[in-house]
Amino acid sequence: MKKALLLTMLMAGLLGQSSSAQVAAPTIQSDALGMHNLTPGSGSSVTVQGSLGCTFCHAPHSGIGGNTPLWNQTLSTQTYTPYTSTTYQQQGSTQPTLGKSTSLCLSCHDGTVAVGQTAVFGKIAATGSMNNMDVLGTNLTTSHPFSLVLPMKDSANLVATLVPQQKTADPTGKIQLINGNVECISCHNPHAQAVDPVAQKFLVKDSSNGQMCLACHDPNRVMNGQVNLLSGWTGSIHAVAANQVALAANVGSYSTVALNACTSCHMEHNAGGPARLLRPATPATPGVDATTQACITCHAGGSNVVPAAPNVYAEFAKISHPFPVGNNGHDEAEAVVLNNNRHATCVDCHSPHASNPMATFTEPPTLRPPQTGVSGVSGLDGATVLQPAVNQFENCLRCHGVGPGKQVLIKYGYLPTRLVFTGDPLNLVPQFSTTATSSHPVAHDRSSPLPQPSLLVNMTNINGTSSPRLVGSRIFCTDCHNSDDNREFGGVGSGPAGPHGSIYPHILERNYQTTQATVSGGTVTNTYPTPDLSPQGPYAMCAKCHDLSKIMANTSWPQHNSHVSQDGFSCSVCHTAHGMSPGAASVTGDRLVNFDINVVGQNQGAPISYNRGANSCVLMCHNVAHNPDGTVRANMVATPRGSVAPIK
């Protein structure tokens, strides 16, 4: 009885202390309660009258019983939805043990129990409210997983000692598993807000440069042939960049990209993208998938980072690769060959953990630094997965190879219908293969025995001047499919390199006009007589590597000038841009000759053919019959082009 009376008097005295002499919040020291001290004047966003101090959470003699540490705040009995994702190795779901450390934290931080609903004092009136980022709710899919199903499952991106020895890689020993599990207090010390004086998030240690994350996650571990999704992090641009970060950017607590490290793109709690805890864009960018949003904050221009990174997001306002829409979202565990799921997020072409800036423009075909660590498929079969890819074209073949579901979309412009193709006209594997009759040298070295009098020594810049890049034995996909303002070839504004977006169809770096005709044949609807050979002309894309004046001089074929200058046909009528698939008896396919049958029809029902040796064609085009003996007859009636079947 005496003990109860004494406790009642003690608590009454604590509650009755005056709070009228409030002063400015002191500088938080490493051994202070910080925001967890709810005394007025402490700096907390929620305060209660009286100097409760530790007794707000703990009641030395009358707290909640059981296994709790003399707990005073009413425990939450909510059922939580735990984190999950397709790359999450732990199995099943569990709930925090009531009364244990994580349950204690959630008694305030799930937002379902009022702050100040105590066991000893009843409901204590509180003023203010918790920061929204501190209220986790009961849907914990947007928070780092904790209270895992034991035993934990090992994986390549976890430090080797974590699962078998239950030991983190933190040399100070402050980051610990709690009874073999990840709990709130593995990362947070509720009694000391400013152990990390910059973040001030009750962390157990300084987390700059990703120290907290790297205590459990190892980007360098190799395990049983598994893919380590963090591979390449050490030394990558996001790990070392000294770019200053504006506070308004909301990409972490620290002053540079390198110091923020993992938190530049990921959030520990209340993430924007549940899977992999991705950080939403700042400013908000509605209608964009979570994986792209995580990149936009720093790669959309503005002053979020200084010096500014290239404004990649501005390129997407042009003709660009398709973002995920609806149910075709990107997932880290999706197949490398994108079957019937066409989308292009930043991480389909870039590995954010391994990427590096383009300091110098390297030669083809190997991947350039911004694509280091990205996945790809073999150019030999379009199916053998390469993780990571070695060559740039291997990454492009994820979408432009054997996978089904490819579409011809109007926004990319007119697509010629080629006379000869193998099975799938959008499958570039056979078009670039070593068995192709001819092809641009993307997947293999240029090997044609035929003379190439129009080839330049150096590639041409967008403005028509000569660039340092040689017209060598190989080219990149991005030598043609590139941002129209890319800095490698002198684009105005020094835009980002790569096929992010272009004002030209098919994400081409430069103008490349295609001749088109009505489906029923007859009148050509898009011609370019007296060709403009300038850098802005209709053949500018070809002029990057080919001297158009030599083509007009008939150095490689005696009828080039008449077909282009007089008749106004574009290169695409007779030449395919990628390669000539094998297997056409009537078309030899040398020099990328593969007719567009929307423009070229049959000559009196005879199969369309081309023989390079005889320099002859058999076909009907612009009402002119081309005969096997090389003669032509004008003003003929063409066979309707719709009746011409492609050769498969």
Side-chain angles (χ1 to χ4, degrees), residues 30 66-69 71 75 80-107 109 136 140-192 195-196 199 201-231 233-234 261-263 266-269 271 275-277 332-333 353:
S30 62
N67 295 321
T68 70
W71 197 245
L75 296 176
Y80 301 100
T81 304
Y83 174 88
T84 186
S85 80
T86 54
T87 53
Y88 183 51
Q89 297 294 322
Q90 311 309 318
Q91 297 178 358
S93 61
T94 187
Q95 298 293 313
T97 302
L98 195 66
K100 293 295 185 178
S101 61
T102 294
S103 171
L104 305 183
C105 298
L106 289 172
S107 67
H109 287 282
L136 308 185
L140 302 180
T141 59
T142 60
S143 289
H144 190 285
F146 50 78
S147 297
L148 315 179
V149 174
L150 296 180
M152 286 197 296
K153 306 296 188 297
D154 204 359
S155 64
N157 66 1
L158 297 179
V159 299
T161 58
L162 191 68
V163 172
Q165 301 176 36
Q166 300 181 6
K167 181 180 179 182
T168 73
D170 173 26
T172 68
K174 295 179 180 178
I175 304 174
Q176 301 178 4
L177 296 182
I178 309 302
N179 296 322
N181 214 328
V182 178
E183 304 291 356
C184 296
I185 59 174
S186 294
C187 298
H188 298 282
N189 177 357
H191 301 114
V195 172
D196 183 328
K201 293 181 178 178
F202 293 92
L203 301 176
V204 296
K205 65 173 292 183
D206 177 3
S207 190
S208 60
N209 297 111
Q211 295 178 71
M212 293 285 295
C213 302
L214 295 175
C216 292
H217 295 282
D218 184 355
N220 301 312
R221 186 180 178 194
V222 177
M223 175 184 170
N224 299 330
Q226 292 184 21
V227 175
N228 187 338
L229 298 177
L230 308 181
S231 180
W233 170 256
T234 306
C262 311
T263 60
H266 302 280
M267 299 178 68
E268 306 90 335
H269 304 290
R276 287 157 286 279
L277 305 177
E332 192 63 38
H353 298 118

Pair T86-R276, side chain to side chain contact (heavy atoms under 4.5 Å, CB included): steps then yes or no:
CA-CA 9 Å; T86 54; R276 287 157 286 279; 3.9 Å; yes
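- In this structure, L229 CG and H353 NE2 are separated by 8.0 Å, a value rounded to the nearest 0.5 Å.
- Put simply, the side chain of V182 reaches to within 4.5 Å of the side chain of L177, judged on heavy atoms.
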*S143/E268 under side chain to side chain donor-acceptor pair (under 3.5 Å): CA gap, chis, key distance, verdict*: CA-CA 6 Å; S143 289; E268 306 90 335; over 6 Å; no
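- Between S147 and E183 the shortest heavy-atom distance is OG-OE1, 2.7 Å.
- Atom SG of C187 sits about 4.0 Å away from atom CE of M212, to the nearest 0.5 Å.
- The CG atom of D170 sits 4.0 Å away from the CD1 atom of I175 when rounded to the nearest 0.5 Å.
- Atom-to-atom distance recorded for L106:CG and Y80:OH is 4.0 Å, nearest 0.5 angstrom.
- Counting heavy atoms from C-beta outward, V204 and H188 have side chains that stay 4.5 Å or more apart.
- Here the closest non-hydrogen pair linking W71 and S107 is NE1-OG, 3.5 Å.
- Shown here is N179, whose CG atom has no more than 12 heavy atoms of other residues, nucleotides or ligands within 6.0 Å.
- Separating the CG atom in L277 from the OG1 atom in T263 is a distance of 12.0 Å, to the nearest 0.5 Å.
- For S186 (side chain) and Q176 (main-chain N/O), a donor-acceptor pair under 3.5 Å exists by modelled atom type.
- Between the N228 side chain and the V222 main chain, no donor and acceptor come within less than 3.5 Å of each other.
- Here the closest non-hydrogen pair linking Q90 and M152 is OE1-CA, 3.2 Å.
- Exactly one of I178, L104, L136, T102 qualifies for a side chain to side chain contact (heavy atoms under 4.5 Å, CB included) with C184. That residue is T102.
- In this structure, K205 places its NZ atom where more than 12 heavy-atom neighbours from other residues, nucleotides or ligands lie under 6.0 Å away.
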Practice task
Kindly determine whether N181 and L148 satisfy side chain to side chain contact (heavy atoms under 4.5 Å, CB included), including the steps that lead there.
Solution key: CA-CA 6 Å; N181 214 328; L148 315 179; 3.4 Å; yes
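- Remark: Y83 engages Y88 in a ring-ring contact (aromatic ring centres under 6.0 Å, His included) (not counting sequence neighbours).
- Across all their heavy atoms, F146 and L140 have their closest contact at CZ-CD1, 3.5 Å.
- Closest of all the heavy-atom pairs between L75 and S103 is CD2-OG, 4.0 Å.
- Residues M223 and A156 share a closest heavy-atom pair of SD-N, 3.7 Å.
- Put simply, the side chain of R221 reaches to within 4.5 Å of the side chain of D154, judged on heavy atoms.
- Between I185 and P190 the shortest side-chain heavy-atom distance falls below 4.5 Å.
- To the nearest 0.5 angstrom, D196 atom CG is 12.5 Å from N189 atom CG.
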Exercise for the section: Determine, step by step, whether V159 and H217 satisfy the side chain to side chain contact (heavy atoms under 4.5 Å, CB included) criterion, reporting the C-alpha distance in whole Å, the side-chain angles of both residues, the deciding distance to 0.1 Å, and the verdict. Expected result: CA-CA 5 Å; V159 299; H217 295 282; 6.0 Å; no
